[in-house]
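Let me begin by presenting the structure, written as structure tokens, before commenting on it.
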Amino acid sequence: MPSFVAIDVETANPNMASICQIGIATFRGGEKVDEWLSLVDPADYFDPVNTRIHGITESAVRGAPSFQSLMAEVRGRLDGAVVVSHTGFDRTALSRAFAISGGVVGDCVWLDSAQVARRAWPAVSRKGYGLANVAHMLGITFRHHNALADAATAGIILVRAIEESGKPLEWWLRRVKRRLPQADGSYIASVAQEGNEDGHLAGEVVVFTGQLSMSRQEAASRAAKAGCDVATGVTKKTTILVVGDQDIAKLGGKDKSAKHIKAETLIGQGAELRILGESDFLALLESAMDD
């Protein structure tokens with residue numbers, strides 16, 4: 001079984017570049033052989049919503065290194081490797097943080113363990129392929145929203161898929177780029193009013209709020225092409241709320257939309273929902289399309 005590294009990050013607020021913790025696990029021969037975890041001072045505010053999820057506070061990162069000072073360490077661990085993350089959020093956050101700090105991630109090949117899980121186990125091919133649910137299905141116990149624990153779990157999911165399928169890593173790198181099969185082996189066609197079910201972000205339910213740089217129709221079209229279902233209102237099914245960049249700048253305190261407030265309420269109740277600025281969401285779409 002070949003070597004790869006798995007990575008996860010936690011962020012201080014909806015800005016995906018506000019990384020406050022990084023975890024990297026190295027795998028060889030199907031076993032975790034090395035791990036690295038660091039708190040990061042994002043030089044940014046901590047949103048209570050994010051803190052409730054991962055438990056990291058502004059005081060916890062006081063004195064921690066900046067992301068810029070950790071770039072060489074991170075790049076050294078990822079460069080030339082197959083890099084595993086569960087969904088595209090960590091990849092996008094890392095790319096955004098590198099860009100803001102004046103660097104690039106480096107030469108590596110990304111593999112989304114959520115997309116592997118969707119193709120390895122029919123029970124999670126359409127829904128329920130979040131990290132916690134897949135881990136529970138496979139009997140993996142871990143401390144969710146600790147960056148190192150999440151990274152290691154993503155790595156274990158890939159190892160299990162390789163072991164149970166008998167297919168090598170190189171095969172999975174190709175397989176995730178192909179469409180999802182139905183039970184009878186045929187392929188699901190795209191649905192115009194819904195997200196492309198073969199897209200890298202299939203299963204995500206997106207709602208837009210605030211002033212965007214484009215029309216809602218264009219934003220919805222881009223999201224659907226990447227696989228997202230687009231809804232008009234925030235519900236328990238919503239997984240991503242996209243806020244106009246001008247509006248997200250107000251997150252420190254005021255003038256949040258009703259959708260924004262409802263999303264935060266649902267997150268507080270344990271919903272798996274992320275609030276993203278428009279530019280971060282567009283970067284997420286681009287990173288998904290890169291593959």
With sequence neighbours excluded, what pairs up with K32 under the salt bridge (charged side-chain N to carboxylate O under 4.0 Å, His left out) test?
-> E35
Donor-acceptor pair, [X] side chain versus [Y] backbone, under 3.5 Å?
X	Y	result
H54	T11	yes
N133	G128	yes
R118	S125	yes
S95	R91	yes
D41	S66	no
D229	V205	no
S165	K167	yes

Quick one: does [X]'s side chain get under 4.5 Å of [Y]'s, heavy atoms only?
X	Y	answer
P42	V61	yes
E58	Y45	no
H144	L131	yes

Among I267, T209, L276, which one satisfies side chain to side chain contact (heavy atoms under 4.5 Å, CB included) with L241?
-> T209
Worked check of salt bridge (Lys or Arg N to Asp or Glu O under 4.0 Å) between D198 and R178 = CA-CA 8 Å; D198 297 316; R178 294 169 51 206; over 6 Å; no
Please identify each residue that fulfils side-chain hydrogen bond (donor to acceptor under 3.5 Å, both in side chains) with T232, with sequence neighbours left out.
-> none
Distance in Å, H136 NE2 paired with F142 CZ, rounded so as to fall on 0.5 Å steps = 11.5 Å
Which of these passes side chain to side chain donor-acceptor pair (under 3.5 Å) with S18: N13, D47, D44, N50?
-> N13
